[in-house]
Asks: 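One structure is given below, represented as structure tokens, and several questions about it will come after.
Along the sequence shown, the residues carry numbers beginning at 1. Quantities reported herein were computed from a predicted structural model and do not represent experimental measurements.
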Amino acid sequence: MSPVNNDPSNDAAEGRNRPLTRREIRARERFLETQNQEVLPPPVPVHFEPVAVPKPQPAYVPDYASAAPDAGIHATDFHDDGVLNETAPSHAAPSHGETVQPDEDVRQHDASHDDLLQHADTVQPDVEHYDVVHPDIVEHDALHDDSVHSYDVAHGDEFHELQAHADGFEHHDSQFDFEVHHEHDAHDLMAAATPVPKVPSKKVRRRRRLLALLLTLTVFVAAVAVGAQFLKPLLGMDKVSDYPGPGTGSVTITVAPGSGPKLVATNLQSQHVIADADSFVAAFTAAGGELSPGDFTFKTEMKNSDAVNVLLGKDSSKVMYFALSAGLRIGESLDAISKGSGIPLSELKALSDSPAQFGIPAPAKNLEGFLAPGEYRFPLGTPAKDILQKLVTATTDELKAQGVTDPAKQYQAITVASIVQAEGGQADYGNVAGAIYNRLKPGNTETNGLIQSDATVTYGLGTKTFHLTDAQKADKSNPYNTYANVGLPVGPIGSPGKTAIDAAAKPTANNYLYWVTINLDTKETKFSSTLAEHLKYVDQYNAWCAANAGRCV
């Protein structure tokens, strides 16, 4: 820009009496655009609380721009956005010295401009307006183009009108832009304030699923383990079936006559000799042995097989062992004891012939019938009297268990039991005992109090035969001859077992008077109430003997 244009005198001399050229109009337009762009405030930050903003102040116009443009330029020559319409017809400039009156369009423009400014103040009171021209802008305008000149004061009104019109549009546009940006910024702030869930990646989700699976599996395994530990005692799964052996210490267990393997096994388990009673019974049954009464020495925590061997006498080198069968006579029993214990037979016989020292009633002459059958084991060096006392006590304990406590009645029951043991099969013990007591009843005219047992006669004879002669049956000198002597024999004829003792203590009620075993192998016995019926069964017995030669001798 030429420096001469900065001289106000030049403006007054040259520019007061001529209209604006198109170049000057464009320069003015650029000036107005530059002024409005420079003075617009920066965007107001959006806050959630309203900010009080002062009302806009009137725009400051520099002195050198106070001259109004030529009257030849009208508001209608501009577009709505303030740009000059080059195709608009030019207007004649008023002559110098005339008063310029704005035409109707200009007055209407002024009214609309005032309404626009009032509308801007009303609608957007919080928008700040900066209309004061910065000194740098004035300097920039002065240097912008050499064709820009100062204007006469006479054109000042039109200039302000044009400037106000442009300012109205610029403020309106700025207000619109601010409202758009304000709404956009508020939307961004609201979006930023709303938490957006973060979606994990596929790798993270896969890792989480694997971790959840492992955790579930761990919980399941732990639950199964805890449940198993809880259920083991209820199901018996925590029991040890067998000790590894060989065991330690010494434990003495007494096996009473008639005791079963299960009872003995329970006793052994309670003394910690074996681990489990059921597994021990299975091992004992598999061994095929028979349980015998007596005292047995065990170790604690033995193997089942070792404990079975103790009961079966397979370790006889460490104990005294012997076995007594049911039905043995006193001589046979003492001989077996002697052989098993090493005690002289004479010593044993001398003790047996003094039954009172063992608590046997006076009618007894020896320990016949009181030496309980079974297998016995005694520690080495056990006295003979202790051994015999052990056997006698087992018999009297069984009688007491059946309710027979009186010594005289005990002796009678043992005598009946010994006959039952010799005469019948085990399944018929109750009926045989009942028939014997029927024969002993007073007023019995069928048998007249005679028991008529072959076993008693042969015992008195000191023989074992199934055939007796008539002379032998008629011999009253034999105290055990129940064919010739009324009532029971003078004493037992052998050692009855537990089943026979129980039958004698509690016989089966019946009306039988006779019985005969028709088969010696099966011990089948026939019962009858009359002699005629009995003789028929005797014929069956003879037929069996004829078919089995040598068995009935």
Asks: Does Arg439 make a cation-pi contact with Tyr514, if we ask for NZ or CZ under 6.0 Å from the ring centre and within 45° of the axis?
Replies: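 Output yes; distance and angle both within limits.
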Asks: Might you work through the side chain to side chain contact (heavy atoms under 4.5 Å, CB included) test for Glu301 and Val273, ending with a clear yes or no?
Replies: CA-CA 5 Å; Glu301 299 186 359; Val273 174; over 6 Å; no
Asks: Take Ile419 and Tyr459, measure what side chain to side chain contact (heavy atoms under 4.5 Å, CB included) needs, and give me the verdict at the end.
Replies: CA-CA 10 Å; Ile419 299 174; Tyr459 181 85; over 6 Å; no
Asks: A side-chain contact here means heavy atoms from C-beta on lying under 4.5 Å apart; do Tyr512 and Ser528 qualify?
Replies: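 Not touching, per the 4.5 Å side-chain cut-off.
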Asks: Quick one: does any side-chain atom of Thr456 pair with a main-chain N or O of Tyr480 as donor and acceptor, under 3.5 Å?
Replies: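 A pair under 3.5 Å: yes.
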Asks: Go through the steps for Asp306 and Lys299 under the test salt bridge (Lys or Arg N to Asp or Glu O under 4.0 Å), then give the verdict.
Replies: CA-CA 10 Å; Asp306 294 342; Lys299 296 178 180 180; over 6 Å; no
Asks: Mark yes or no for whether Ser529, through its side chain, and Asn511, through its backbone, hold a donor-acceptor pair below 3.5 Å.
Replies: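 Side chain of Ser529 to backbone of Asn511: a pair is present.
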Asks: Is there a donor-acceptor contact under 3.5 Å from the side chain of Gln357 to the main chain of Ser354?
Replies: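 Checking the backbone N and O of Ser354 against the side chain of Gln357, a donor-acceptor pair under 3.5 Å is found.
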Asks: Quick check on Asp521: does its CG atom have over 12 non-hydrogen neighbours (other residues, nucleotides or ligands) under 6.0 Å away?
Replies: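 Buried by this count: over 12 neighbours within 6.0 Å.
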Asks: Taking the inter-plane angle between the rings of Phe370 and Tyr411 on a 0 to 90° scale, is it parallel (under 30°), tilted (30 to 60°) or perpendicular (over 60°)?
Replies: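 Taking Tyr411 first and then Phe370, their aromatic rings lie parallel (interplane angle under 30°).
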Asks: Using a distance-only test with no angle check, is there a side-chain donor-acceptor pair under 3.5 angstrom linking Thr482 and Ser453?
Replies: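 No, because no side-chain N or O of Thr482 sits under 3.5 Å from a partner of the opposite role on Ser453.
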Asks: Does a donor on one side chain and an acceptor on the other come within less than 3.5 Å for Asn304 and Ser279?
Replies: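 Result is yes, a qualifying pair exists.
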Asks: Taking only residues two or more places apart in sequence or in another chain, which ones pass salt bridge (charged side-chain N to carboxylate O under 4.0 Å, His left out) with Lys473?
Replies: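 Lys473 satisfies salt bridge (charged side-chain N to carboxylate O under 4.0 Å, His left out) with no other residue.
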Asks: I'd like to check Ser495 versus Leu324 (side-chain heavy atoms, cut-off strictly below 4.5 Å). Are they in contact?
Replies: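 No. Closest side-chain heavy atoms not under 4.5 Å.
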Asks: Hey, mind stepping through Met302 and Val310 against side chain to side chain contact (heavy atoms under 4.5 Å, CB included) and telling me if it holds?
Replies: CA-CA 11 Å; Met302 295 181 67; Val310 172; 4.2 Å; yes
Asks: Within the structure provided, determine whether Ser338 and Leu348 are in side-chain contact (heavy-atom separation under 4.5 Å).
Replies: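 Yes, close enough: below the 4.5 Å cut-off.
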Asks: Are the side chains of Gln271 and Ile253 in contact, using a 4.5 Å heavy-atom criterion?
Replies: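 Yes, side chains in contact.
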Asks: Do Arg205 and Arg209 have side chains that get closer than 4.5 Å, going by heavy atoms?
Replies: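 When only atoms from C-beta onward are counted, Arg209 and Arg205 do touch, with a gap below 4.5 Å.
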Asks: For the pair Phe298 and Phe296, name the ring-plane relationship: parallel under 30°, tilted 30 to 60°, perpendicular over 60°.
Replies: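 Ring orientation, 0 to 90° scale: tilted.
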Asks: Is the backbone N or O of Gln472 less than 3.5 Å from a side-chain atom of Asn481, with the two atoms forming a donor-acceptor pair by type?
Replies: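 It does hold such a pair.
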Asks: Taking all heavy atoms of Leu520 and all of Cys552, pick out the closest pair and write down the distance.
Replies: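 Closest pair (atom of Leu520, atom of Cys552, distance): CD1-SG, 4.0 Å.
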Asks: A side-chain contact here means heavy atoms from C-beta on lying under 4.5 Å apart; do Leu461 and Leu468 qualify?
Replies: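 Touching, per the 4.5 Å side-chain cut-off.
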Asks: Taking side chain as C-beta onward, heavy atoms only, is Leu268 less than 4.5 Å from Phe280?
Replies: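 Contact flag for Leu268/Phe280 side chains = yes.
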Asks: Between Gln421 and Ala500, is there a donor-acceptor pair closer than 3.5 Å when you use the side chain of the first and the backbone of the second?
Replies: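 Looks like no, no N/O pair under 3.5 Å.
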Asks: Do Lys339 and Asp335 meet the salt-bridge criterion of a basic N to acidic O distance under 4.0 Å?
Replies: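 Lys339 and Asp335: salt-bridged.
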Asks: Apply side chain to side chain donor-acceptor pair (under 3.5 Å) to residues Tyr541 and Glu524 and explain how you reach the verdict.
Replies: CA-CA 10 Å; Tyr541 166 72; Glu524 182 181 359; over 6 Å; no
Asks: Can any side-chain N or O of Thr463 pair as donor or acceptor with the backbone N or O of Thr465 at less than 3.5 Å?
Replies: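 It does not hold such a pair.
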Asks: Is a donor on one side and an acceptor on the other found under 3.5 Å between the side chain of Asn548 and the backbone of Trp544?
Replies: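 Present.
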Asks: Among side-chain atoms of Gln389 and Thr393, is any donor-acceptor pair under 3.5 angstrom?
Replies: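 Side chains of Gln389 and Thr393: pair found under 3.5 Å.
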Asks: Which is it for His534 and Val538 under the side chain to side chain contact (heavy atoms under 4.5 Å, CB included) test, yes or no, and what are the steps along the way?
Replies: CA-CA 6 Å; His534 173 65; Val538 172; 3.6 Å; yes
Asks: Answer yes or no: does atom NZ of Lys464 have more than 12 heavy-atom neighbours from other residues, nucleotides or ligands under 6.0 Å?
Replies: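 Enclosed: over 12 neighbouring heavy atoms sit under 6.0 Å from NZ of Lys464.
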Asks: Under the side-chain hydrogen bond (donor to acceptor under 3.5 Å, both in side chains) test against Asn438, which residue among Asn510, Thr447, Asn444 passes?
Replies: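 Testing each of Asn510, Thr447, Asn444 against Asn438, the sole residue satisfying side-chain hydrogen bond (donor to acceptor under 3.5 Å, both in side chains) is Asn510.
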Asks: Where the side chain of Ser418 meets the backbone of Gly369, is there a donor-acceptor pair that is under 3.5 Å apart?
Replies: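 No, Ser418 side chain to Gly369 backbone: no donor-acceptor pair under 3.5 Å.
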Asks: One thing to verify: whether Lys498 and Asp502 come together as a salt bridge, which I'm taking to mean a side-chain N less than 4.0 angstrom from a carboxylate O.
Replies: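 Judged by the 4.0 Å cut-off on N to carboxylate O distance, Asp502 and Lys498 do form a salt bridge.
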Asks: With distance as the sole criterion, is a donor-acceptor pair present between the side chains of Glu423 and Tyr429 under 3.5 Å?
Replies: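 Absent: no donor and acceptor within the cut-off.
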Asks: Go through the side-chain N and O atoms of Tyr483 and Asp475 and say whether any donor and acceptor fall under 3.5 Å apart.
Replies: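 Asp475 and Tyr483 do not have a side-chain donor-acceptor pair below 3.5 Å.
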Asks: Is it the case that the side chain of Asn485 and the backbone of Asn478 share a donor-acceptor pair, with hydrogens and angles ignored and the cut-off at 3.5 Å?
Replies: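 At least one qualifying donor-acceptor pair exists.
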Asks: When you measure from the side chain of Thr445 to the backbone N and O of Gly443, does any donor-acceptor pair fall under 3.5 Å?
Replies: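 Looks like no, no N/O pair under 3.5 Å.
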Asks: Are more than 12 heavy atoms, taken from residues, nucleotides or ligands other than Lys390, located less than 6.0 Å from that residue's NZ atom?
Replies: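 Atom NZ in Lys390 is crowded, with more than 12 foreign heavy atoms closer than 6.0 Å.
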Asks: Considering only heavy atoms from C-beta outward, does the side chain of Leu388 approach that of Leu334 to under 4.5 Å?
Replies: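 They are in side-chain contact.
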